[in-house]
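Here is the structure we will look at, set down as structure tokens.
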There are 2 protein chains.
Amino acid sequence: MANSTVSRSADKRRRLTAAAADVLHRQGVERTTIADIAAAADVPVGNVYYYFKTKDELVQAALAEHAAHLAELTGELDRHPDPLHRLKALVAAWVEQRDVAVRFGCPTGTLAAELDKRAEGGLDEEAGKVIGLLLGWVERQFRELGLPDPDGLALTLVAGYQGMSLLASALRDPDVMTREGARLTRWLDSLSQGGAS
Amino acid sequence: MANSTVSRSADKRRRLTAAAADVLHRQGVERTTIADIAAAADVPVGNVYYYFKTKDELVQAALAEHAAHLAELTGELDRHPDPLHRLKALVAAWVEQRDVAVRFGCPTGTLAAELDKRAEGGLDEEAGKVIGLLLGWVERQFRELGLPDPDGLALTLVAGYQGMSLLASALRDPDVMTREGARLTRWLDSLSQGGAS
DNA sequence: GTCTATACCCCGATAGAC
DNA sequence: GTCTATCGGGGTATAGAC
């Protein structure tokens, strides 16, 4: 076909993006080389630069990939009519990913933590934006529930997720995810039952 | 004096350790070079290797420094007779450090997140142990208060700290620290007043 | 104990053949 | 569009003079 070349190109770019998201999450930005990503994507090393001019562009592509994954997840959750159910399903999804979290932490969170130490490049703000997307979605759920201070509640829920991911990874203990996940679920229930704090 | 040389040596080692703790926190492990630490400690680059054989030994020294800082802080807090007061003072200390947290995150937490992605070397476990020290101290306070599931409560408090530090840094917003700090304080109060969850 | 010079390796990025 | 060879820079670690 006329555009078979185009689609192969798009395919390689997609493979590189997916590999970047995966490898950067597992190894961190600084310890990951272009060669690592190329190997994971099964693309010759030198060819990477045809698709991404710099390593930072690969990092940005990985961030966009994480944002896309997040959009996909929240899109599915949005099918549920009840916002409280959506939030509890989100927590359940986090706990389900506990084996990944225990080994490498939250993909977006650890990436943000690493990039935030940079002053230049503006990639740090990019990472903050992805977390902002999650915060925004969570806040909308709390608002739909008619709860006061929806963005404060969103902050608490997402901070809870980031905190439990970091501790689970630092202690190498998946139970941290299940225990804190259960607590967050109980907390969500208590909120809509008019419980304090 | 006979041991003036010795004390100068000890001084240099101490300066290098302090510089390592500071610079590794601000730049992260991988982006920090031996030269960076040497410059911060005002020690000639090549001389570093007389005190620390490898870069990893400097990282380990930094972790020990963070553990010492933690011991100093909890030591001061232990003077208060009331465990609840101690915990609230701990939260207050975290919030006081918000400007550092907003820029570079929690020193131990971000270090742990970075080291946890390594499989080799065992430095990852070392970072987990430092966080374990904090968890242990917090748990003891809850136990003194006679609350059920003291180590679950400790997990929640420390996860809250790690989560709010990460979000504050990712969003570049110190208010995250004050808002979540206030919430944790309210939560602590509600616990000893027999509140649920 | 102190410090300089440098060996050695690895990585990001480019040049240029195909 | 694809791939190899390589340049240039920078980082860890060491050798060895002082």
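Chain A is the first sequence line, chain B the second, and so forth, proteins listed ahead of strands; every chain is numbered from 1.
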To check you understand the geometry: which heavy-atom pair defines the closest contact between [X] and [Y], and what is its length?
X      : Y      : result
A/A159 : B/L167 : N-CD1, 3.6 Å
A/Q162 : A/C106 : NE2-SG, 3.4 Å
B/D124 : B/A119 : OD2-O, 4.5 Å
A/P81  : A/R86  : O-NH2, 3.3 Å

When you match B/T54 and A/G46 each to their closest nucleotide on DNA chain D, which lands nearer the 5' end?
->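 Looking at the nearest nucleotide for each, A/G46 comes out on the 5' side.
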Contact list for DNA chain C against residues 19-35 of chain B - heavy-atom distance below 4.0 Å =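 Residues of residues 19-35 of chain B that come under 4.0 Å of DNA chain C do not exist, since none gets that close.
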Check whether any side-chain nitrogen or oxygen of [X] sits under 4.0 Å from OP1 or OP2 of [N], and answer yes or no.
X     : N      : answer
B/Y49 : D/dA13 : yes
A/K12 : D/dT2  : yes
A/Y50 : D/dT2  : no

Grab the [atom1]-[atom2] distance between [X] and [N] for me, whole Å please.
X     : N      : atom1 : atom2 : result
A/N47 : C/dA13 : CG    : C1'   : 14 Å
B/E57 : D/dA13 : CD    : P     : 10 Å
A/Y51 : D/dG1  : OH    : P     : 7 Å
B/L58 : D/dT12 : CG    : P     : 10 Å
B/K53 : D/dT14 : NZ    : C1'   : 14 Å
B/R13 : C/dG1  : CZ    : P     : 10 Å
B/F52 : C/dG1  : CZ    : P     : 13 Å
A/L16 : D/dT2  : CG    : C1'   : 13 Å

B/L87 and its side-chain contact (heavy atoms from CB on, under 4.5 Å) partner, picked from B/L145, B/L153, B/D82, B/L77 |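 Filter result, single survivor: B/L145.
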Salt-bridge test for A/E125 and A/K129: reply yes if a basic N is under 4.0 Å from a carboxylate O, no otherwise.
->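 A/K129 and A/E125: not salt-bridged.
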Show me the side-chain donor-acceptor pairs of residues 90-98 of chain A shorter than 3.5 Å, one per line, residues at least two apart or across chains.
{"unit_1": "A/R98", "atom_1": "NH1", "unit_2": "A/V95", "atom_2": "O", "d": "3.1"}

